[in-house]
Colleague: 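This structure is in structure tokens; I'll ask about it shortly.
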Protein chains: 2
Amino acid sequence: MSKRRETPLKNIKLEKGHCSIGVRLNKLGMVPFFQELSESDLEKVNQHFRARHFDRGDVIYREEETASLLRIVVAGKVKLVRHTLEGKDVLIDMLQPGEYFGSLPSIGDEKYMETAIAQTQACVLSVGTDDFRNILNQYPSVAVKALEITAGRLKESQEQIKQLRTRSVENRIAHVLTMLSDKFGEESEVGLLIQVPLSRKELADMVGTTAETASRIISRFQEKDWVSTGRQWIAIKNQEKIRDLSQDKG
Amino acid sequence: MSKRRETPLKNIKLEKGHCSIGVRLNKLGMVPFFQELSESDLEKVNQHFRARHFDRGDVIYREEETASLLRIVVAGKVKLVRHTLEGKDVLIDMLQPGEYFGSLPSIGDEKYMETAIAQTQACVLSVGTDDFRNILNQYPSVAVKALEITAGRLKESQEQIKQLRTRSVENRIAHVLTMLSDKFGEESEVGLLIQVPLSRKELADMVGTTAETASRIISRFQEKDWVSTGRQWIAIKNQEKIRDLSQDKG
DNA sequence: TGACTAAAATGAGCCAGATCAAATAAGGGA
DNA sequence: TCCCTTATTTGATCTGGCTCATTTTAGTCA
């Protein structure tokens, strides 16, 4: 009855030159940091950026490397991971176009604390930390925006700490699925598809479990027909149930 | 042989009027935010602040209350806690003079995400969020500083997430003890004393365990003569061992 | 379309740490 | 110095989720 299935994930193929100077200026204005800048200021700021393309799986920078650049995702998805000595990974964040990563110009912020990897083909802008510091001092609105964004991330990360301590793995998985579908969700025939390649292992690393446990739980969801999944993808069929579980009192 | 023991903790009694306008300006310059401001700018900024005294246990603000003030600890210690529906608490941070809390002026930051409680008698400054926003726009150095501080907290909190997922409770307790002694440590006859009242329950809430488990672990440390403790206080007698445990490969 | 490979699903056993229940003891107050 | 409250300690038991090992797929590629 069913044809051979193939990934419902979009194969994001970025064309050659997509990461060029021309496109760049255009996109820069859409980055939250710079939203309040005038056209001309934007152009000045743009001078300091360099653009670079990455293929899926490329390491953008490594933990422990000397941190000297602030980066902004312009196209594609980028994941941030921390490795531990015991060989466990912690998936800190999955970034979308418009989001920043790398080092903010802070004192003693000499090493990157995490590894950044292109999760799909991606185009990334970068500025030197010193240049960015100048930008911050010159355009207070950029600094305020950066502060807001960072404060927001701090809250999220505190929320995650709270969840890690108090909710079950099942609840936490429901929670990331909700977050991911809010961020990357796209309606498709199989349900609300999370438009990023994401293995069970990666899902587990976001939530703080093992791939096995994550798999068991996803299977359970599937039995109840709340999600549909395959290799590296998950789509949500019953948003309400999943959201309920992610809320308090699952 | 030994006299009746009493808490080695200092009873921080703040005198009346300690929290007055006069003292205030003096202290404001010591707050990291404002370190780079000139005397006269400092005075202008000071206009916007109000000072207020709190006794031990006083609630400074509650989770879910509308957030409208940014606060700065001027004297005493303040703890930030998150409560969960299940009745568990998460102790997010223990603040020292000079540190900020409350709401940064960010969009949609309408509710406090945590409850702030005076852990000792304390003096706290506050500014309206709008006023602070103006300060940020007017003095970029303040904004940059705020950004640095917030980014630093973000890193800490990511580090904590990593630890929660990968280290044992024993390791994590050793880790907070190390952090707390770096921050609040004071040499005393009983060892490097953490100069803040801190119950086992609170220790547990910082680390993500139960009071019982925390107690068992502290007992173990005590047997090895690494720490000495009593009600609401802990002093470290063997910093090296504790630090080793908190490091990787305990 | 069939073969092949890495991802995913499953099974069985085990343990750190949570829970529940009780016994102790620290240290403030009079 | 004694009393009393409430933190702390300790014991016994239970379990979610981790581990290790194996079997099944999904989906790509030729």
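Side chains included, hydrogens not; waters and symmetry mates left out as well; all remaining heavy atoms used.
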Colleague: Is the shortest side-chain N to carboxylate O distance from E212(B) to R200(B) below 4.0 Å?
Modeller: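 Looking at E212(B) and R200(B), the cut-off is not met.
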Colleague: Using modelled atom types only, decide if a donor and an acceptor are shared between the side chain of K183(A) and the backbone of Q96(A) within a distance under 3.5 Å.
Modeller: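 Not at all, since once roles are kept as given, no pair shorter than 3.5 Å links the two residues.
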Colleague: Flag the pair T120(A) / R56(A) as yes when at least one side-chain heavy-atom distance between them is below 4.5 Å, and no otherwise.
Modeller: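 No, every pair of side-chain atoms sits at 4.5 Å or beyond.
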Colleague: Under 4.0 Å, heavy atoms only, any strand: does S199(B) hit a base, just the sugar-phosphate, or nothing?
Modeller: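 The answer is sugar-phosphate, as S199(B) gets under 4.0 Å only of primed atoms, P, OP1 or OP2.
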Colleague: Without decimals, in angstroms, what is the distance between L198(B) CG and dT6(D) P?
Modeller: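 To the nearest whole Å, that distance equals 19 Å.
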Colleague: List the residues meeting side chain to side chain donor-acceptor pair (under 3.5 Å) with D205(A), not counting sequence neighbours, and say none if there are none.
Modeller: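 D205(A) satisfies side chain to side chain donor-acceptor pair (under 3.5 Å) with K201(A) once adjacent residues are dropped.
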Colleague: Do R52(A) side-chain atoms and A122(A) backbone N/O form a donor-acceptor pair below 3.5 Å?
Modeller: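 No, the answer is negative, given that no donor and acceptor are paired below the 3.5 Å cut-off.
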Colleague: With a 4.0 Å cut-off, would you call K111(B) and E63(B) a salt bridge?
Modeller: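 No, no charged N to carboxylate O under 4.0 Å.
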Colleague: Does S215(B) make a side-chain N or O approach to OP1 or OP2 of dT8(D) shorter than 4.0 Å?
Modeller: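 So the side chain of S215(B) is outside the cut-off, no N or O lying under 4.0 Å from OP1 or OP2 of dT8(D).
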Colleague: Are the side chains of Y61(A) and E114(A) in touch, meaning some heavy atoms are under 4.5 Å apart?
Modeller: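 Contact flag for Y61(A)/E114(A) side chains = yes.
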Colleague: How would nucleotides 11-22 of chain D be written as a contact map, 5' to 3', with B for base contact, S for sugar-phosphate-only contact and - for no contact, using protein heavy atoms under 4.0 Å?
Modeller: BB----SSBB--
Colleague: Scan S219(B) against the nucleic acid and name what it touches under 4.0 Å (heavy atoms): base, sugar-phosphate only, or nothing.
Modeller: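 Touches sugar-phosphate only.
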Colleague: How many whole angstroms separate atom CG of L203(B) from atom P of dT8(D)?
Modeller: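 In whole Å, dT8(D) P and L203(B) CG are 9 Å from each other.
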Colleague: Tell me the interatomic distance from L164(B), atom CG, to dG17(C), atom P, rounded to whole angstroms.
Modeller: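 Distance, rounded to whole Å: 12 Å.
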Colleague: Compare side-chain N and O positions of W233(A) against OP1 and OP2 of dG27(D) and report whether any pair is under 4.0 Å apart.
Modeller: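 Affirmative; the distance criterion is met.
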Colleague: Nearest whole Å is fine: how far is dT10(C) P from R220(A) CZ?
Modeller: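 Rounded to the whole Å, the gap is 11 Å.
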Colleague: Write down the distance between CD1 (I218(A)) and C1' (dA9(C)), rounded to a whole number of angstrom.
Modeller: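 Atom-to-atom, I218(A) to dA9(C), this comes out as 12 Å.
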Colleague: Against the six-membered ring of Y112(B), is R82(B) placed for a cation-pi contact (under 6.0 Å from the centre, within 45° of the normal)?
Modeller: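 So R82(B) doesn't make the cation-pi contact.
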Colleague: At 10 degrees resolution, what angle do the end axes of the helix from dT1(C)-dA30(D) to dA30(C)-dT1(D) form when each is taken over five base pairs?
Modeller: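 What I find for the helix from dT1(C)-dA30(D) to dA30(C)-dT1(D) is an axis angle of 50°.
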Colleague: Between the side chains of R243(A) and D182(A), is the shortest nitrogen-to-carboxylate-oxygen separation below 4.0 Å, so that they form an ion pair?
Modeller: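 Here D182(A) pairs with R243(A) in a salt bridge, since their nearest N and O are under 4.0 Å apart.
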Colleague: Could you give the CD1-to-P distance, from I234(B) to dA26(C), as a whole number of Å?
Modeller: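 Distance check: I234(B) CD1 to dA26(C) P gives 15 Å.
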Colleague: Look at R200(B) and dT8(D) and indicate whether a side-chain polar atom (N or O) is within less than 4.0 Å of OP1 or OP2.
Modeller: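 Checking dT8(D) against R200(B), a side-chain N or O does come within under 4.0 Å of OP1 or OP2.
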Colleague: Give the rounded distance in Å between these two atoms: CD of Q222(B) and P of dA7(D).
Modeller: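 About 18 Å, once rounded to whole Å.
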Colleague: Of all the choices, dT10(D), dT10(C), dG27(D), which nucleotide is nearest to the side chain of R231(A) once you look at every atom?
Modeller: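 The answer is dG27(D).
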Colleague: Could you check how far NZ of K201(B) sits from C1' of dT8(D), rounded to whole Å?
Modeller: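 Going from K201(B) (NZ) to dT8(D) (C1'), I get 14 Å.
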